[in-house]
Novice: 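Provided herewith is a single structure, encoded as structure tokens, for subsequent inquiry.
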Amino acid sequence: VCGSVLSHIPGVGSSASPEHGKVLCVGLACLDSIHVVKTFPVEDTDVRCVSVRLQRGGNASNNCTVLSQLGAPCEFLGTLSKKQYLSVVVDDFKAYNICINNCIYYEACDAPMSVVIISQTTGSRTIIHSNKNLPELTLDDFKKLDMSQYSWIHFEGRNVEEVVSMIELVEFWNENHISEHDRGHGLGHKALPISIEIEKPRAEMQDLIPWADVLFIGKDFAEFCGCTNMSETLKKIAQDAKPNATIISAWGEQGAMARGHDGTVVQSPAFCPHKVLDTLGAGDTFCGAAIFGLSRGKSLQDSIILGCQIAGIKVGMDGFAGLD
Ligand code: ADP
Ligand code: FRU
């Protein structure tokens with residue numbers, strides 16, 4: 001899946017190689033109904049859109065779309081509805097070569113959906129999400145995994161209590177597999193590094209902070225915590241994170257800043273495309289690309305630069321297709 005858009009960025013787009021275990025992304029897959037408009041509509045008016053498309057979405061699902069195009073074998077784990085739009089979602093996972101072998105299917109529940117309005121003028125995305133009754137993933141679902149298949153486990157910040165118990169399970173596995181799997185990613189001698197993305201501005205997300213080796217803090221959550229910039233975010237989150245955690249803050253057009261496990265701070269500017277067309281999933285793209293870098297042993301600095309470069313390419317095009 002290596003192609004023209006990525007070919008100028010060294011070390012990405014290499015084909016999936018068997019010596020790398022899969023990156024597992026745990027979280028939401030949903031259907032995005034995307035309506036592109038010239039300018040964002042005024043309330044209570046009747047406007048026409050420029051185009052409409054259905055797209056597989058959800059943070060963990062989008063992370064996989066990016067990881068796979070960069071050349072990382074990856075798996076999505078989450079719940080899926082058999083009642084609605086299953087083939088749209090599943091066929092698209094398959095088209096991107098993303099493993100969904102361990103997903104949990106529900107017959108009678110509705111698929112989570114988002115209506116997304118993208119303004120052509122600014123590239124802004126306005127998301128109206130609904131998740132009526134599809135259950136979240138449970139610890140029992142997670143227990144079925146064979147951990148030896150993976151090289152990295154990433155959790156989307158949601159379903160907090162259950163995710164904490166899943167992480168405890170991975171930690172237990174790590175305690176028994178330390179020496180066999182040291183992959184030299186500079187995150188200590190962990191068999192399976194754990195990353196968590198915290199984006200949603202909700203108080204319960206704070207409970208996830210102490211559990212990650214690598215934390216991705218989105219702008220919305222940072223602002224919810226009272227932070228007004230990236231460096232404040234790193235300092236604030238470090239108070240509750242593991243002492244040697246890597247903390248990464250992404251902030252739209254300001255790019256990203258990160259604090260390594262030894263406290264060193266690095267930064268990357270955003271890479272602005274010729275025209276910003278579609279910012280839906282910019283944060284998911286940044287996160288997927290930075291995980292790709294870290295899991296391949298790149299430095300923290302190079303990994304956040306890669307995250308910003310790939311996110312910059314993404315916001316300059318519609319959707320995610322064509323990163324390859
Ligand atoms: P989200 O709101 O989707 O969580 P952000 O807006 O914080 O994510 O953006 C994540 C990353 O995407 C930024 O760090 C940046 O690298 C890139 N990005 C976002 N918006 C732009 C933009 N307008 N131009 C260039 N890069 C952008
Ligand atoms: C983008 C996204 C969309 C989805 C929404 C869910 O980050 O994952 O694809 O509709 O967020 O919150």
Side-chain angles (χ1 to χ4, degrees), residues 9 25-35 53-66 76 78 85 88-89 92-93 111-131 134 136 154 156-159 197-202 205 215-224 227 229-230 233-234 248-258 266-291 293 303-320 323:
I9 300 177
C25 298
V26 182
L28 177 77
C30 66
L31 191 73
D32 288 348
S33 177
I34 299 176
H35 302 250
R53 65 179 191 269
L54 292 179
Q55 195 171 287
R56 173 173 52 81
N59 293 16
S61 150
N62 292 336
N63 297 149
C64 286
T65 307
V66 174
F76 167 78
Y85 313 113
V88 182
V89 172
D92 196 61
F93 273 124
M113 279 193 73
S114 296
V115 169
V116 182
I117 300 173
I118 293 180
S119 157
Q120 274 189 331
T121 313
T122 61
S124 77
R125 92 291 182 261
T126 302
I127 303 172
I128 307 166
H129 183 66
S130 85
N131 191 349
L134 187 71
E136 294 280 356
H154 176 69
E156 176 181 333
R158 56 187 298 114
N159 189 21
E197 180 229 13
I198 306 182
E199 181 206 42
K200 293 177 180 54
R202 294 188 204 137
M205 295 298 156
L215 273 167
F216 289 90
I217 306 294
K219 185 178 62 206
D220 290 353
F221 180 74
E223 285 175 338
F224 173 78
C227 302
N229 58 50
M230 295 186 277
T233 304
L234 298 181
I248 303 175
S249 166
W251 208 287
E253 285 156 72
Q254 292 179 43
M257 196 184 274
V266 294
Q267 194 163 2
S268 168
F271 292 81
C272 297
H274 176 61
K275 172 140 182 49
V276 177
L277 289 179
D278 166 12
T279 56
L280 180 65
D284 305 337
T285 305
F286 169 80
C287 189
I291 291 173
S303 298
I304 63 167
I305 291 174
L306 180 65
C308 288
Q309 284 176 321
I310 304 294
I313 294 170
K314 193 258 124 353
V315 300
M317 60 191 217
D318 291 320
F320 298 92
L323 283 176

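Both counts, for ligands and for their atoms, begin at 1 and track the order of listing.
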Novice: Is there a nitrogen or oxygen of Gly252 sitting under 3.5 Å from a nitrogen or oxygen of ligand 1?
Specialist: yes
Novice: Does Met230 form a side-chain contact (heavy atoms from CB on, under 4.5 Å) with Gln267? I'd like the steps, not just the answer.
Specialist: CA-CA 10 Å; Met230 295 186 277; Gln267 194 163 2; 4.2 Å; yes
Novice: Which residue from Ile305, Thr279, Val315 reaches closest to atom 24 (N) of ligand 1 through any of its heavy atoms?
Specialist: Val315
Novice: Enumerate donor-acceptor pairs with a distance under 3.5 Å from any side-chain N or O in residues 310-319 to protein atoms, sequence neighbours excluded.
Specialist:
unit_1, atom_1, unit_2, atom_2, d
Lys314, NZ, Asp278, O, 3.3
Lys314, NZ, Asp278, OD2, 3.4
Lys314, NZ, Met317, O, 3.3
Lys314, NZ, Gly319, O, 2.8

Novice: Please report whether ligand 1 has a polar contact with Gly283, defined as an N or O pair separated by less than 3.5 Å (distance criterion only).
Specialist: yes
Novice: Looking at ligand 1, does Gly255 have a heavy atom less than 4.0 Å from it?
Specialist: yes
Novice: For atom 22 (C) of ligand 1, what is the nearest protein heavy atom, given as residue, atom name and distance?
Specialist: Glu253 CG, 3.6 Å
Novice: Would you kindly specify which portion of Gln254 sits under 4.0 Å from ligand 1, judged on non-hydrogen atoms: side chain, backbone, both or neither?
Specialist: neither
Novice: Please indicate whether any nitrogen or oxygen in Pro273 is less than 3.5 Å from any nitrogen or oxygen in ligand 1.
Specialist: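 So ligand 1 has no N or O lying under 3.5 Å from an N or O of Pro273.
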Novice: Is a side-chain N or O of Glu156 found less than 3.5 angstrom from the main chain of Ala60, in a donor-acceptor match?
Specialist: yes
Novice: Write down the atom of Phe286, the atom of Ile304, and the distance for their closest heavy-atom approach.
Specialist: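 Closest pair (atom of Phe286, atom of Ile304, distance): CE1-O, 3.7 Å.
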Novice: For atom 16 (O) of ligand 1, what is the nearest protein heavy atom, given as residue, atom name and distance?
Specialist: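 Looking only at protein heavy atoms, the one closest to atom 16 (O) of ligand 1 is Cys308 SG, 3.3 Å.
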Novice: Of all the atoms in ligand 1, which lie at a distance below 4.0 Å from a heavy atom belonging to Lys219?
Specialist: 6 (O)
Novice: Tell me the protein heavy atom at minimum distance from atom 25 (C) of ligand 1, and give that distance in Å.
Specialist: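 Result for atom 25 (C) of ligand 1: Phe271 O, 3.6 Å.
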Novice: So what's ligand 2 close to, N/O to N/O, under 3.5 Å?
Specialist:
unit_1, atom_1, unit_2, atom_2, d
ligand 2, 7 (O), Asn59, OD1, 3.1
ligand 2, 7 (O), Asp284, OD2, 2.8
ligand 2, 8 (O), Gly58, N, 3.3
ligand 2, 8 (O), Asn59, N, 3.1
ligand 2, 8 (O), Asn59, OD1, 2.6
ligand 2, 8 (O), Asn62, ND2, 3.4
ligand 2, 8 (O), Asp284, OD2, 3.4
ligand 2, 9 (O), Asp32, OD2, 2.6
ligand 2, 9 (O), Gly58, N, 3.0
ligand 2, 9 (O), Asn62, ND2, 3.2
ligand 2, 10 (O), Asp32, OD1, 2.6
ligand 2, 10 (O), Ser114, OG, 2.6
ligand 2, 11 (O), Asn59, OD1, 3.4

Novice: Quick one: closest heavy-atom pair of Arg158 and Gly27, and the distance?
Specialist: CD-CA, 4.2 Å
Novice: Looking at Phe320 and Thr65, what are the two nearest heavy atoms and their distance?
Specialist: CB-CG2, 3.7 Å
Novice: By number and element, which atoms of ligand 1 are closer than 4.0 Å to a non-hydrogen atom of Ala250?
Specialist: 7 (O), 14 (O)
Novice: Which ligand 1 atoms does Val276 reach within 4.0 Å, using its non-hydrogen atoms?
Specialist: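 Every atom of ligand 1 under 4.0 Å from some heavy atom of Val276: 23 (N).
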Novice: Rounded to the nearest 0.5 Å, how far apart are CD1 of Ile217 and SG of Cys287?
Specialist: 10.5 Å
Novice: Has the side chain of Ser114 got a donor or acceptor atom that lies under 3.5 Å from a matching backbone atom of Val116?
Specialist: no
Novice: So, Ser268 side chain and Gly255 main chain: donor-acceptor pair closer than 3.5 Å or not?
Specialist: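 No; zero donor-acceptor contacts below 3.5 Å.
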Novice: Which residue supplies the protein heavy atom nearest to atom 12 (O) of ligand 1, what is that atom called, and how far is it?
Specialist: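 Scanning the protein heavy atoms, the shortest distance from atom 12 (O) of ligand 1 goes to Ala311 CB, 3.3 Å.
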Novice: I need the atoms of ligand 1 closer than 4.0 Å to a non-hydrogen atom of Glu199, numbered in the order shown.
Specialist: 4 (O)
Novice: If you look at every heavy atom in Ser303 and Gly293, which pair is closest and at what distance?
Specialist: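 In this case the closest contact between Ser303 and Gly293 is OG-C, 3.3 Å.
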Novice: Do you know which two heavy atoms are closest between Asn62 and Gly57, and how far apart they sit?
Specialist: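 Looks like OD1-CA, 3.6 Å.
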Novice: Classify the ring geometry between Phe76 and Phe93 as parallel (under 30°), tilted (30 to 60°) or perpendicular (over 60°).
Specialist: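 Rings of Phe76 and Phe93: parallel, as their planes differ by under 30°.
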Novice: Is the side chain of Asn63 donor-acceptor paired with the backbone N or O of Asp284 at a distance under 3.5 Å, no angle test?
Specialist: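 Flag set: sc Asn63 to bb Asp284 pair under 3.5 Å.
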Novice: Distance to 0.1 Å, residue and atom name: give those for the protein heavy atom nearest to atom 2 (O) of ligand 1.
Specialist: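 In this structure, atom 2 (O) of ligand 1 has Arg125 NH2, 3.8 Å as its nearest protein heavy atom.
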